[in-house]
Every structure is written in C-alpha cells, then in structure tokens.
2 protein chains.
Amino acid sequence: MSDEISGRGDPLKSLQLLWGRTEAPRRGPKAKAGVADLVSAAVAIADAEGLDAVSTRRVADAVGISPMSFYTHIPGKAELLDLMMDAVAGEVLKDRPVFKPAQWRANLSRVATDYRDFYLAHPWVIQLATHRTVLGPNTFRSADVALSAVEGLGLTDLEMDRVLNLVLDYVHGAVRNAAREKRVKELTGMTDAEWWSRVEPFLETVDFSPYPVLSRVGKTTGETYGAHDPEGAFAFGLARVLDGLSVFIEEKTAKRKR
Amino acid sequence: MSDEISGRGDPLKSLQLLWGRTEAPRRGPKAKAGVADLVSAAVAIADAEGLDAVSTRRVADAVGISPMSFYTHIPGKAELLDLMMDAVAGEVLKDRPVFKPAQWRANLSRVATDYRDFYLAHPWVIQLATHRTVLGPNTFRSADVALSAVEGLGLTDLEMDRVLNLVLDYVHGAVRNAAREKRVKELTGMTDAEWWSRVEPFLETVDFSPYPVLSRVGKTTGETYGAHDPEGAFAFGLARVLDGLSVFIEEKTAKRKR
DNA sequence: GACAACCTCGTACACTGTAAATAGTTATTT
DNA sequence: AAATAACTATTTACAGTGTACGAGGTTGTC
C-alpha cells in the first residue's frame with residue numbers, strides 16, 4: 001500500500017493515452033470496454049469509496065471484463081491514476097469564466113473556490129497530487145484558465161506562475177483539513193464527534209504544562225482541536241493571501257506608471 | 001496500495017503508544033525489540049526508500065524479529081504510521097527558539113523554513129499528513145512552539161490558530177512540489193531532465209492553441225514546466241503570505257491603540 | 001483460406017496486512 | 001519445587017494487491 005506513483009512507467013504511453021493518440025485498431029474483435037469506460041469506472045469507485053478501493057481487478061469487474069483484460073487497454077495502474085486525474089480535472093473552472101484584469105482579486109477568488117470545491121468533490125485527488133503534474137488536456141485547460149485570472153496585470157510570466165502557484169498551494173493545504181475529515185469518516189464509520197469523545201478522556205490525563213500556548217489556544221479553537229470551522233479558516237487564509245498579493249501587484253503597477 | 005490511513009483503528013491504543021502509557025510487563029520473556037526500535041527502523045526505511053517500502057514484514061525483519069511479532073508491540077500498521085509521524089515531529093523547531101512578539105515576521109519565517117526543511121528531510125510525511133493530526137507529544141510540542149511565534153501580538157486565540165495554519169498550509173503546498181521531484185527521482189531512477197527529454201518530443205506534437213496563456217507562461221517558466229526554482233518560488237510565496245498577515249496584524253494593533 | 005492483429009482470459013508469482021493457533025519464557029503464586 | 005498466569009515469539013494461513021506470461025478466440029486484410 002501507501003503510494004503508487006502517478007507519473008512512473010513509460011511517460012510516453014501515459015501521454016498517448018491522455019491525448020487519445022492511440023490509433024484505432026484495424027483488425028481484431030471489438031473491445032468490450034474502452035479506456036474511457038475504465039477511467040470513469042475508476043473515478044466512480046474513488047469518489048464513492050476512496051482511492052484504496054480502486055484496484056485493477058475492481059475496475060475491470062466494474063466494466064465487465066476479466067482482471068487481466070484491464071492491461072489490454074491501460075499498461076498499468078500508474079497510468080490509470082494519471083488518466084483519472086486528468087479526467088476529473090475537466091470539472092474545474094468548467095465554464096471558462098472570462099476574467100477582467102482590473103478584478104484580479106475576484107478572479108483569483110473564483111479560481112481558489114473552484115479548486116476548493118473540486119478537491120472536496122474528489123478528495124482522492126489531493127492524495128495523488130502529491131506526485132508529478134499530469135500533462136493531460138484537461139489539466140492544461142484548467143491551468144490555462146487559472147493563469148488567465150492574472151493576465152493583463154503587467155506581471156511577468158514568471159510572476160504570473162508564482163502568483164497562481166501561491167494561491168493553489170494555499171488552497172491545496174487548506175482543503176486537506178476539510179477533506180481528511182470526510183475521508184476518515186467514510187473509512188472508519190466514525191464521525192468527528194464520536195472520534196473525539198473516545199479520545200478526550202485520554203487527553204484529559206495528559207500533562208499539558210509543556211505546551212502552554214497550544215493548550216490555551218486549543219481550548220478556544222474548540223475542545224482542543226475538536227470543532228473546526230474549515231469554511232471560516234479557508235476564507236480567512238485566502239483573504240490574507242490576496243492582501244499579500246495586493247501589496248505586490250499594487251507596487252508593481254505603481255512602478256509601471258512612473 | 002494507495003492510502004493506509006493514519007488515525008484509524010482504536011484511537012485509544014494509538015494514544016497509549018504515543019504517550020508511552022503501556023505499563024511495563026511483569027512477567028514473560030524480555031522483548032527482543034521495543035516499540036521505539038520498530039518505529040525508528042520504519043522511519044529509516046521510509047527516509048531511504050519511501051513510504052511504500054515500509055511494510056510490517058520489512059520493519060520486523062529490520063529489528064530481527066519474525067513478521068508476526070510486529071503485532072506483539074504495535075496493533076497494526078495504522079498505529080505504526082502514527083508513531084512514525086510523531087517520532088519525526090520531534091525534529092521540527094528542535095531548539096525551541098524564543099520568539100519575540102515584535103519580530104513576528106522573522107518568527108513566522110523561521111517556523112516556515114523549519115517546517116519546509118522538515119518536510120524535505122522526510123517527504124513521506126507529506127503523504128501521511130493528508131490524514132488526521134497525530135495527537136502525540138512531539139506533535140504537540142512543535143505545535144506549541146509554532147503557535148508561540150505569534151504570541152503576544154494581541155491576536156485572539158482563534159486568530160493565532162488561523163494565522164499559523166495559513167502559514168503551514170502554504171508551506172505544505174509549496175513543499176509538495178519540491179518533495180515530489182525527489183520522490184519520483186528515487187522511485188523511477190529518472191532525473192527530472194531525463195524525464196523531460198522523453199516527454200518533450202511528444203509535447204511538441206500537441207496543439208497548444210487552446211491553451212494560449214499556459215503555453216506562453218509555460219515556455220518562460222522553463223521549457224514548459226521543465227525547470228523549476230522551488231527555492232525562489234517558496235520565498236516569493238512566503239513573502240506574499242507574510243505581507244498579507246502584515247496588513248491584518250498592523251490593522252489589529254492600530255485598533256488596539258485607539 | 002491463411003495470416004496477422006487484436007481482445008480476452010486463466011494461471012501464477014511475489015508481495016501486502018493481519019487473524020488464529022501454538023510454543024516458549026519469565027515472574028508470581030501456591 | 002510445582003503450578004499458573006502473563007507475556008513474547010513464531011508458524012501457518014487467507015484474502016487481497018499489481019502484473020508477467022501464455023493460450024485461445026475474433027476480426028479484418030491479403
């Protein structure tokens with residue numbers, strides 16, 4: 001277990017599949033299932049039961065082929081994961097919003113919340129995103145739209161890249177907290193409250209005097225970490241990030257005017 | 001494969017192990033290996049070969065006991081992962097720096113870079129940190145120290161929590177990018193350059209016209225994503241985050257003076 | 001009809017986490 | 001000293017994983 005890597009194996013084969021560059025077979029029987037079927041079945045399983053429920057056998061079974069037939073269509077599990085990532089990447093910023101440079105703050109807000117909703121809809125993406133970027137069409141498209149949120153501000157290309165990465169890095173980090181609650185709940189069948197009610201009696205027996213600040217702050221933020229407000233925390237962090245970018249961008253444009 | 005969860009199973013057993021609350025055995029033979037041996041062996045394996053090289057059998061073998069003897073000391077793999085996390089958490093902010101409130105910016109900088117170095121030293125932590133927080137002594141200690149970086153600024157406890165979380169969320173997200181390169185390199189034996197040299201010929205055959213912004217920006221940021229400057233990107237993002245916090249904190253303290 | 005291309009499948013191997021039963025070791029109790 | 005309870009260690013076993021290999025069936029082209 002633990003970490004199959006998305007982006008290993010022959011990178012070329014992955015790319016060909018991502019871009020649909022596999023030439024149509026001229027002979028042979030018609031395939032019962034295509035790559036798209038396998039991928040969407042895998043995504044459905046991951047959405048419903050988490051990433052570790054996705055096995056090549058399960059996926060093959062879901063589309064009605066035998067375990068090993070899976071490998072006729074996709075060379076290995078790593079490639080399947082790449083394809084899954086790119087498949088769902090099509091959902092983010094789906095309507096291709098038109099961004100006006102003057103409203104960069106609203107633009108980035110939109111990008112951030114869209115990515116956040118996306119991660120929450122497919123929490124398994126967060127796990128896979130620990131690996132290499134998938135170079136697929138949908139991933140490219142969403143990156144293109146996201147970058148265009150900071151287009152026309154007088155930033156250099158490198159700055160645009162960094163600004164966007166800052167926002168997305170923050171979103172990723174912030175969503176982790178909300179997403180893992182969801183995952184743990186599903187996998188353990190325990191709600192957060194149940195879990196804490198089991199843990200709390202023990203915590204009351206530990207000596208918190210070596211952690212004075214944590215113990216005070218922890219109590220306030222809700223029963224020593226128990227109650228979260230992910231929504232509020234996300235909004236708070238995003239506002240700070242945008243404030244920080246505001247300082248940077250304002251200074252940039254002020255210089256340009258001189 | 002994919003995702004064992006750190007924080008499942010009986011939460012109490014995990015906590016007892018984390019806090020060394022297992023009473024010393026009164027009878028029976030002396031154990032060949034203790035919990036600490038198992039955990040440090042596991043950490044060594046994870047550091048050297050990645051998280052997926054850590055199996056209960058491997059760990060048992062490393063300390064010289066038979067596979068199933070592992071379970072005499074630790075109830076399952078989930079608990080092992082919790083213990084691993086807390087074990088290495090002892091390394092972050094090890095010297096317990098004394099933070100002066102007036103220098104909150106330097107303080108948070110220190111916290112951020114310390115966590116960054118920590119993640120880079122143990123990239124597998126990033127994968128596991130997708131799950132629930134480990135309630136262990138070392139984790140508590142590092143959280144306490146980190147929180148004290150923003151102590152005495154006139155922030156409420158909730159604000160302190162959010163400020164710190166913002167910084168740590170960003171660090172986590174930013175480090176991901178650097179850490180995954182390291183991991184992919186180790187696991188595939190391919191350097192980033194090798195990997196890109198294989199991928200590039202293909203990318204040149206794809207039509208980038210649907211992604212005008214990405215294609216332009218990508219080219220500038222280095223061979224369409226090829227060359228990174230993680231160091232620079234990290235510094236850039238952190239500076240923006242701190243700028244954003246500066247706005248918030250300054251406004252706060254200004255109000256207090258009134 | 002022959003052949004090559006292609007899909008599907010059964011078997012097999014090395015690995016994983018861990019349940020269950022058994023055997024061996026030690027300190028306490030009788 | 002013998003019995004017992006508590007504890008560690010080990011063997012065997014099972015269901016699950018990814019996937020290599022090879023055999024067999026199906027389709028289009030020559």
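Note that the structure is predicted; figures quoted are calculated from it, not measured. Sequence lines set the chain letters: A, B, ... in the order given, protein chains first and strands last, and positions in each chain run from 1.
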| task | Please confirm whether A/Trp124 and A/Tyr119 have ring centers closer than 6.0 angstrom. | result | no
| query | Distance check: side-chain N/O of A/His73 vs OP1/OP2 of C/dC6, anything under 4.0 Å? | reply | no
| side chain to side chain contact (heavy atoms under 4.5 Å, CB included) evaluation trace for A/Phe234 with A/Val171 | CA-CA 8 Å; A/Phe234 178 78; A/Val171 171; 4.1 Å; yes
| remark: From CD1 of B/Ile65 across to P of D/dT11 the rounded distance in Å is 12 Å
| Quick one: does B/Arg26 reach the base of D/dA6 with a side-chain donor-acceptor pair under 3.5 Å? | no
| query | Phosphate oxygens OP1/OP2 of C/dT16: is one of them under 4.0 Å from a side-chain N or O of B/Ser55? | reply | yes
| query | When you check the phosphate oxygens OP1 and OP2 of C/dC9, does a side-chain N or O of A/Ser69 lie under 4.0 Å from one of them? | reply | yes
| request: May I ask you to establish whether A/Arg116 and A/Tyr170 are in a cation-pi arrangement, using a distance under 6.0 Å from NZ or CZ to the six-membered ring centre and at most 45° from the ring axis? | output: no
| remark: Only residue of B/Asp82, B/Leu81, B/Val134 satisfying side chain to side chain contact (heavy atoms under 4.5 Å, CB included) with B/Leu128 is B/Leu81
| request: Ignoring hydrogens and angles, answer whether the base of D/dT19 and the side-chain atoms of A/Arg57 contain a donor-acceptor pair closer than 3.5 Å. | output: yes
| query | Whole-Å distance between D/dA15 P and A/Arg58 CZ? | reply | 18 Å
| note | By nearest-nucleotide position on DNA chain C, the 5'-leaning member of B/Pro29 and B/Thr56 is B/Thr56
| note | Contacts of A/Ala24 and B/Pro75 projected onto DNA chain C by closest heavy atom; the upstream (5') one is A/Ala24
